[in-house]
Amino acid sequence: MSIRVRFAPSPTGDLHVGGARTALFNWLMARKHGGTFVLRVEDTDGARNTAEAAAGILKGMRWLGLDWDEGPDVGGDCGPYFQSQRKDLYDAYFKKLEDAGRVYAEHDGAMRFKFSRTAITVHDLVCGDVTFAPTEEPDMTIRRPDGSYIFHFVNVVDDIEMRISHVIRGEDHLSNTWKHIDLFNAFGATAPTYAHIPLILNPDGTKMSKRDEGSAIEHSYMNAGFLPDAVFNYLCMLGWTPKAESEKLSRTELTALFDADAIHSSNAKFDLKKAQWFNAQYLRELSPTELLNHAKPFLTAKGLAWTDDAMAAAAVHSVREKVSLLTELPEWAHYFFREDFPFEADVVTKLKAKPENAVLLKVASDQLTQAAEWTEQSVHDAVEAAAKALSVKPGAMMPLLRFALSGQSRGPGVTTIAHLIGKEKTQARIQRALSNVLGT
RNA sequence: GACCCCUUCGUCUAGCGGUUAGGACACAUCCCUUUCACGGAUGCGACACGAGUUCGAUUCUCGUAGGGGUCGCCA
């Protein structure tokens, strides 16, 4: 039997970490076994669903690299993949239930499914066998008076029609799963294998909802400067521990290691700091070009522009280990992109602190002018020569140059900055610091 | 209220009857260092509680407490 899994979001809002991880585990399951990953949009609630939400969910999944084999935009043999377009099918299945005498009408026309009221056991890859005693709950409504169908019913019908072999979903569905099995039985169909994965909670242990920090993929990750690979990796670690030496694993490794049986059964609290740590790890591995590509929107959003891609790439690359999020890049690298960068207040204070600072800068400038070539080494040699000429340590000279060249008290090596901006700008910036800040 | 799931450092977790209870993030200190970081080292820090079973329980069983979930004409 081929592995067919699905992610079935309801387009009522943005893609959330919980949903994203559910999608991710399904994706991993399909990829690991060479199966099929189906994306099905459960938009049966006309009042709450929006096209924007559906588009947003697809966007988030694409960003995470969770490509689907069947579903919206890509089609497939079991379409359409929007439940709002499958009414005829549901009507046909409803008829089967009717013929079997398993449904009856309420006074207002709503239709209920008659439970079998037998003990039902859910065989779950994560939770083991969970048996529910014959229920005392009222029969469940599966069709509204207006003829539209309800979640439990369409979910089961589609899982049958789409030949879903494994249902990996949030643990919040476990308590209702016996109802689904009751329905599968009523249709004479075999229920899929279930795997109810633990929920992701807020740091304070409460249920994560749309408004909570770190919950929305687009807002908290895409726009917050995370790399998709890092989020992918971090989400995997919430509720599942691959048997590997490191926690930092590529998609390929994660796919090879994936094992639904090994998913935990206890909820996990979300830790933004650790997610950022993963991001920092991935950020540092990027080549200058890759880093620039990821950084572009964040740089331009801050008004930074450039014409030389190689230079811009080298610039962001030079500060890559200072940041853990792409959004932090502009504040660390802005002076590589503009000449009118501001001077930090304490930088001005430190420059003005000692009268001889102006002399140090002038001598350094003179030595730099004489440099025949412009490499990090030659810049370093020039600064050293200047220090020697004044009988001070290079360590006294470097900070001043840093202030002059970047307006910042922290950053990459001074020689790296000077080399990257070039000889002319280095000279000009020293002159500007001398005249504008020190007034000489 | 009924039913279901869960319970190891602050957080994510390893552990599957005998361990100095291991790792990662965070935090602290030190080293490295022209700054900030990176990196390296060290430290801090946990088996919810109570009964059993057993020669021996973090590990197995039951109970209690706590957390989460479900019981919709939401999904």
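What you see below is based on every heavy atom in this structure, not just the backbone, and it leaves out hydrogens, waters and symmetry mates. Sequence lines set the chain letters: A, B, ... in the order given, protein chains first and strands last, and positions in each chain run from 1. Quick caveat: nothing in here was measured; it's all calculated off a predicted structure.
For A/Arg86, the side-chain contact (heavy atoms from CB on, under 4.5 Å) test picks out A/Pro80, A/Leu89, A/Tyr90, A/Asp158, A/Glu161, A/Met162, with sequence neighbours left out. The side chain to side chain donor-acceptor pair (under 3.5 Å) check on A/Lys179 picks up A/Glu137, A/Asn176, with sequence neighbours excluded. Applying the side-chain contact (heavy atoms from CB on, under 4.5 Å) test to A/Ala55 and every residue at least two apart in sequence or in another chain returns nothing. Residues satisfying the side-chain contact (heavy atoms from CB on, under 4.5 Å) criterion with A/Glu376, sequence neighbours excluded, are A/Thr415, A/Thr416, A/His419. Take A/Glu253 and apply the side chain to side chain donor-acceptor pair (under 3.5 Å) test, not counting sequence neighbours, and it matches A/Ser250. With sequence neighbours left out, the side chain to side chain donor-acceptor pair (under 3.5 Å) criterion links A/Thr241 to A/His264. In this structure, A/Tyr194 has no side chain to side chain donor-acceptor pair (under 3.5 Å) partners at least two apart in sequence or on a different chain.
Across all strands shown, B/U70 forms a Watson-Crick or G-U wobble pair with B/A2, both key distances being under 3.5 Å. Pair check for B/G10 finds B/C25; Watson-Crick or G-U wobble, both atom distances under 3.5 Å. Across all strands shown, B/A37 forms no Watson-Crick or G-U wobble pair with both key distances under 3.5 Å.
Listed for the A/Asn267 side chain is a donor-acceptor partner under 3.5 Å among the backbone atoms of A/Leu199. Under a 3.5 Å cut-off, the side chain of A/Asp139 and the backbone N or O of A/Arg112 do not form any donor-acceptor pair. Side-chain N or O atoms of A/Gln367 include none that pairs as donor or acceptor with a backbone N or O of A/Ala364 at under 3.5 Å.
Closest to the side chain of A/Asn267, from the set B/G68, B/C71, B/A14, is B/G68. With distances taken from any side-chain atom of A/Glu171 to the nucleotides B/C12, B/C3, B/G68, the minimum falls on B/G68. Proximity note for A/Gln281 (side chain, C-beta onward) versus B/U7, B/C12, B/G39: the nearest is B/G39. Comparing atom distances between the A/Ser175 side chain and each of B/A75, B/U70, B/C71 picks out B/U70 as nearest.
Salt bridge A/Arg4/A/Glu70: present, at least one basic N to carboxylate O contact under 4.0 Å.
A heavy atom closer than 4.0 Å to some atom of RNA chain B occurs in A/Gly411, A/Pro412, A/Gly413, A/Val414, these being the qualifying members of residues 411-422 of chain A. In the region residues 382-399 of chain A, proximity to RNA chain B at under 4.0 angstrom, judged on heavy atoms, holds for A/Gly395, A/Met398, A/Pro399. Using a 4.0 Å cut-off on heavy atoms, none of the residues of residues 119-129 of chain A approach RNA chain B.
The phosphate of B/U13 (OP1 or OP2) has a side-chain N or O of A/His264 nearer than 4.0 angstrom. Residue A/Lys269 places at least one side-chain N or O closer than 4.0 Å to OP1 or OP2 of B/U11.
To the nearest whole angstrom, the two C1' atoms, one in B/C44 and one in B/C27, are 8 Å apart. For the P atom pair drawn from B/C47 and B/A2, the interatomic distance equals 31 Å after rounding to whole Å. Taking atom P in both B/G45 and B/U64, one finds a spacing of 34 Å when rounded to whole Å. For B/C3 and B/G17, the C1' atoms lie 33 Å apart once the distance is rounded to whole Å.
The nearest whole Å value for the distance from the CG atom in A/Leu283 to the P atom in B/G39 is 13 Å.
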Can you give me the N/O atom pairs linking the protein to nucleotides 26-30 of chain B at distances under 3.5 Å, or say none if there are none?
none

For residues 395-405 of chain A, run the donor-acceptor check on the side chains, cut-off 3.5 Å, and write out each pair with its distance to 0.1 Å, sequence neighbours left out.
from	atom 1	to	atom 2	distance (Å)
A/Arg402	NH1	A/Pro412	O	2.8
A/Arg402	NH2	A/Pro412	O	3.2

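A donor atom on one side chain and an acceptor atom on the other are not found under 3.5 Å apart for A/Asn279 and A/Tyr221.
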